[in-house]
2 protein chains.
Amino acid sequence: MNSAAPPLNLQTYSAMDCPVHGLVTILSGPWTTYILWLLRQRGPMRFGQLKKQMPAISAKVLTERLRLLEQTGILDRHQEATIPPKVTYSLTGRGQELHGALDALDALALKWSGRTAWA
Amino acid sequence: MNSAAPPLNLQTYSAMDCPVHGLVTILSGPWTTYILWLLRQRGPMRFGQLKKQMPAISAKVLTERLRLLEQTGILDRHQEATIPPKVTYSLTGRGQELHGALDALDALALKWSGRTAWA
DNA sequence: GAAACTGGTTACTTTAAGGTACCTACTTGC
DNA sequence: GCAAGTAGGTACCTTAAAGTAACCAGTTTC
């Protein structure tokens, strides 16, 4: 993070001089932290399983979120060579690392909201 | 963070069941981490000073970001009873706490981007 | 031959967010 | 009397993001 003004749109996050902004921007996409939470709680999940947990999201947006997380190395996408296709998403090592930092934010969020820690 | 699906728009972050999502969503607004970084580096700043550091942002959006950060208790807004008005923004205790967690994300972002830590 | 399955893709429409230009308040200086 | 100062507010326009509906591939089942 330096004094250069950060770029404004999501597509340039990888080129910007402020890596934390890029990472935060990735994480803030609607549903992203929820996807990460689900995969942490339940382990690897298929596209359809994720979709069922989030009926209010369109398949198009879910695909975009998953692709972004895959491209940034936070999720792993594994497709079996079957018809119909069978794709499983799981957290990478980076995804696991990320949870340490997210837990810190989560702890602050919970502390500030006056809630007890979630089980 | 529980299994309930998080709401989608920024305005409901305070009501959602996933506090970390709300916090991350707040932080991801364009320029937000930059504002926080500026205030941390330089101490309290006036609206016009902030604006000068970010010529590409409109006064309208800067105002919205600052208001949001004030409403969530991350920034303090102090207005002197003068004409013309003189408003100074500064980090609250929460804002200071937040930087611990942001530093963890920053460290991950830098590690992943293969960059040396910023001075 | 049609339906179902899965994980998408795509063109078009709708909605949300941001930008722009103008405006506000009151005091001071000229 | 007008301009300047500061920190905004607001209506309207533009742009970006999301939603929708139809579609795709190939195999299996009936």
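Every chain is numbered from 1, with letters handed out A, B, ... down the list of sequences.
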Examine distances only and state if a side-chain atom of A:Thr92 and a backbone atom of A:Ile74 form a donor-acceptor pair shorter than 3.5 Å.
-> yes
For B:Met54 and C:dG18, what is the distance between atoms CE and P respectively, to the nearest whole Å?
-> 14 Å
From CD of A:Glu80 across to C1' of D:dT27 the rounded distance in Å is 16 Å
Protein N or O to nucleotides 6-11 of chain C N or O, pairs below 3.5 Å:
residue : atom : partner : partner atom : Å
C:dT6   : O3'  : A:Arg46 : NH2          : 3.0
C:dT6   : O3'  : A:Pro85 : O            : 3.1
C:dG7   : OP1  : A:Arg46 : NE           : 3.1
C:dG7   : OP1  : A:Arg46 : NH2          : 3.1
C:dG7   : OP1  : A:Val87 : N            : 3.4
C:dG7   : OP2  : A:Gly48 : N            : 2.9
C:dG8   : OP1  : A:Arg67 : NH2          : 3.4
C:dG8   : OP1  : A:Arg77 : NE           : 3.4
C:dG8   : OP1  : A:Arg77 : NH2          : 2.7
C:dG8   : OP2  : A:Tyr89 : OH           : 2.6

A:Ser28: side-chain hydrogen bond (donor to acceptor under 3.5 Å, both in side chains) partners, not counting sequence neighbours = B:Ser28
Sorted by chain and residue number, the side chain to side chain contact (heavy atoms under 4.5 Å, CB included) partners of B:Ala101 (sequence neighbours excluded) come out as A:Ala104, A:Leu105, A:Leu108
D:dA7 P sits how many Å from B:His78 NE2, rounded?
-> 13 Å
Just how large is the angle between the end axes of the helix from C:dG1-D:dC30 to C:dC30-D:dG1, five pairs per end, to 10 degrees?
-> 30°
To the nearest Å, how far apart are B:Leu62 CG and D:dG8 P?
-> 8 Å
Ignoring hydrogens and angles, write down the donor-acceptor pairs under 3.5 Å from the side chains of residues 54-64 of chain B, residues two or more places apart or on other chains.
residue : atom : partner : partner atom : Å
B:Ser58 : OG   : B:Val61 : N            : 3.2
B:Thr63 : OG1  : B:Ala59 : O            : 2.7

Those residues at least two apart in sequence (or on a different chain) that pass side chain to side chain contact (heavy atoms under 4.5 Å, CB included) with A:Gln96 are A:Leu91
Partners of B:Gln79 by side-chain hydrogen bond (donor to acceptor under 3.5 Å, both in side chains), sequence neighbours excluded?
-> B:Arg77
The complete set of salt bridge (charged side-chain N to carboxylate O under 4.0 Å, His left out) pairs with one or both residues in residues 88-101 of chain A, sequence neighbours excluded, reads A:Glu97-B:Lys111
Listed partners of B:Pro84 passing side chain to side chain contact (heavy atoms under 4.5 Å, CB included), at least two apart | none
Whichever of A:Ile83 and A:Ser58 has the more 5' nearest nucleotide on DNA chain D, that residue is A:Ser58
